[in-house]
Amino acid sequence: MTRHKPKIVWLQAITCNGNTHSLLSSNSSRFELFLNSFDLFYHPSLTTDTSLDDVISLKNIDYLLIEGAITSNSDYFTISDNNVLELLIKLANKASYIISVGSCASFGGVHSKFEEDITIKGVPDYLNDLQLENLKQKIINLTGCPVHPEWILQTLFTLKNNKKILLDDEQRPKEIYYGLAHHGCTRNEYFEWKVEAKSFGLKEGCLFYEQGCRGPMTHSNCNRVLWNDVNTKTRAGMPCIGCTEFDFPRENMLETKKNIGIPTQVPLGINKRAYLTITGVAKTFKIDRLNNKLINKEEYENS
């Protein structure tokens, strides 16, 4: 007897397709398990044997995943001549679970900065107040630009096995977003002793003080669940840009905003006075090991 596989419909609205690319970069074994466990009924970029008309004719959708921001203005964006919001509501009424994939779907993201269309918003902005009879859980936001592929898979498997998932105040899965990107960062010792990175792309130094790193105030497990099972932004010398938070994107993301040389925003959970005290104490010490190159150029040349 053929085992029933839950049906997934993936709707792409106003998007750069970054979350689709991210999904395709998932661990190959996990992705194979995903395909064996779920019926990816429709994805406009990946499936070829079903159309949007086939989706509209469905009676029930187990998992409706939306990538991209939503607009109610057909003058700027439509999907196969369908008004995006009207199409979303039509499909949402068939769905047991709705997952906003990425920061644009969750909060509007970069597309909501488009001043000509003030109706561009996140999925929950339009659906949270509707009475969706088939919905078994509050809309789930998987924030990130793009979202980590494992977050998509983990959420789907959790819902498939447990039927529910705990959410935080931003409707994000707590298991994924309870910690900070700072947790697990290989630069934490530099952060503690206030040793600053001199530029991007270096193995040494903390990126919080000059390069605008948002790791200490950004909810995600990026530094614990590695991208491509190998790396993260901060390990590669690129600051966290806080892409999982509701205020992303911000202006001048690659520099630390300061007032009289002091960061205007301090790490989550500590008041500014306490942080300045700790910083002042740490800067009175100089640890030679943390001020030296981890790997010298000469070592490469002589190896």
Side-chain angles (χ1 to χ4, degrees), residues 14-19 21-22 68-69 100 102-118 120-122 125 141-148 169-170 172 177 179-188 190-223 227 231-276 278-280 282-283:
I14 309 174
T15 176
C16 68
N17 302 331
N19 296 291
H21 285 280
S22 183
S100 308
S103 290
C104 291
S106 300
F107 303 132
V110 64
H111 302 292
S112 64
K113 305 293 183 183
F114 179 52
E115 296 178 354
E116 298 298 317
D117 184 2
I118 60 172
I120 297 177
K121 300 176 183 178
D125 293 322
N141 288 335
L142 295 181
T143 57
C145 187
V147 67
H148 194 297
D169 292 340
E170 301 291 347
R172 303 174 296 194
Y177 296 93
L180 302 175
H182 184 66
H183 301 152
C185 179
T186 56
R187 298 173 184 269
N188 275 349
Y190 294 107
F191 174 83
E192 292 164 2
W193 294 104
K194 316 309 170 194
V195 179
E196 302 168 11
K198 306 304 180 188
S199 65
F200 300 117
L202 300 177
K203 292 181 179 295
E204 305 85 14
C206 179
L207 299 158
F208 174 70
Y209 305 102
E210 297 293 339
Q211 276 73 42
C213 184
R214 303 282 298 179
M217 57 273 285
T218 296
H219 295 85
S220 83
N221 60 14
C222 288
N223 275 306
W227 291 78
N231 214 344
T232 69
K233 286 188 179 73
T234 56
R235 292 188 185 201
M238 163 72 180
C240 166
I241 55 176
C243 69
T244 62
E245 298 301 330
F246 69 92
D247 59 348
F248 175 83
R250 292 163 300 280
E251 295 181 354
N252 304 316
M253 287 190 292
L254 300 182
E255 62 181 56
T256 301
K257 298 172 181 60
K258 297 180 181 179
N259 184 13
I260 320 177
I262 300 168
T264 55
Q265 282 190 276
V266 299
L268 202 65
I270 184 171
N271 65 57
K272 187 167 286 189
R273 177 175 294 181
Y275 178 73
L276 293 178
I278 293 171
T279 300
K283 284 198 169 186

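Along the sequence shown, the residues carry numbers beginning at 1. Heavy atoms only: backbone and side chains are in, while hydrogens, waters and symmetry mates are out.
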### Message
Can you see whether N221 engages H183 through a side-chain donor-acceptor pair at a distance of less than 3.5 angstrom?
### Response
no
### Query
Can you tell if the side chain of D247 reaches within under 4.5 Å of the side chain of R214, non-hydrogen atoms only?
yes
### Message
In terms of relative ring orientation, are Y209 and F191 parallel, tilted or perpendicular, with 30° and 60° separating the classes?
### Response
parallel
### Query
Is the side chain of T264 donor-acceptor paired with the backbone N or O of K257 at a distance under 3.5 Å, no angle test?
yes
### Query
Given side chains that start at C-beta, do those of E170 and H219 come closer than 4.5 Å, heavy atoms only?
no
#### Entry: F208 side chain reached by Q265 side chain, heavy atoms, under 4.5 Å
no
### Query
Is there side-chain contact between L254 and I241, with at least one heavy-atom pair below 4.5 Å?
yes
### Min side-chain heavy-atom separation S22-W227 under 4.5 Å
yes
### Message
Test your reading of the model: is there a side-chain donor-acceptor pair from E210 to the backbone of S199, 3.5 Å cut-off?
### Response
no
### Summary
side chain to side chain contact (heavy atoms under 4.5 Å, CB included) with Y177: of T218, N141, L142, only one passes, and it is L142
### Task
For residues F200 and P239, determine if any side-chain heavy atom of one lies less than 4.5 Å from a side-chain heavy atom of the other.
yes
### Query
Between SG of C206 and CG of N188, what distance do you get to the nearest 0.5 Å?
8.0 Å
### Query
Can you tell me if CD1 on I118 sees more than 12 non-hydrogen neighbours from other groups inside 6.0 Å?
no
### Task
Please check if the side chain of H111 supplies one atom and the backbone of I14 the other of a donor-acceptor pair under 3.5 Å.
yes
### Query
Quick one: are R187 and C213 in side-chain contact, heavy atoms under 4.5 Å?
no
### Query
Is the backbone of A181 close enough, under 3.5 Å, to the side chain of N223 for a donor and an acceptor to pair up by distance?
yes
### Message
Less than 4.5 Å apart, side chain to side chain, heavy atoms only: is that true for S112 and F107?
### Response
no
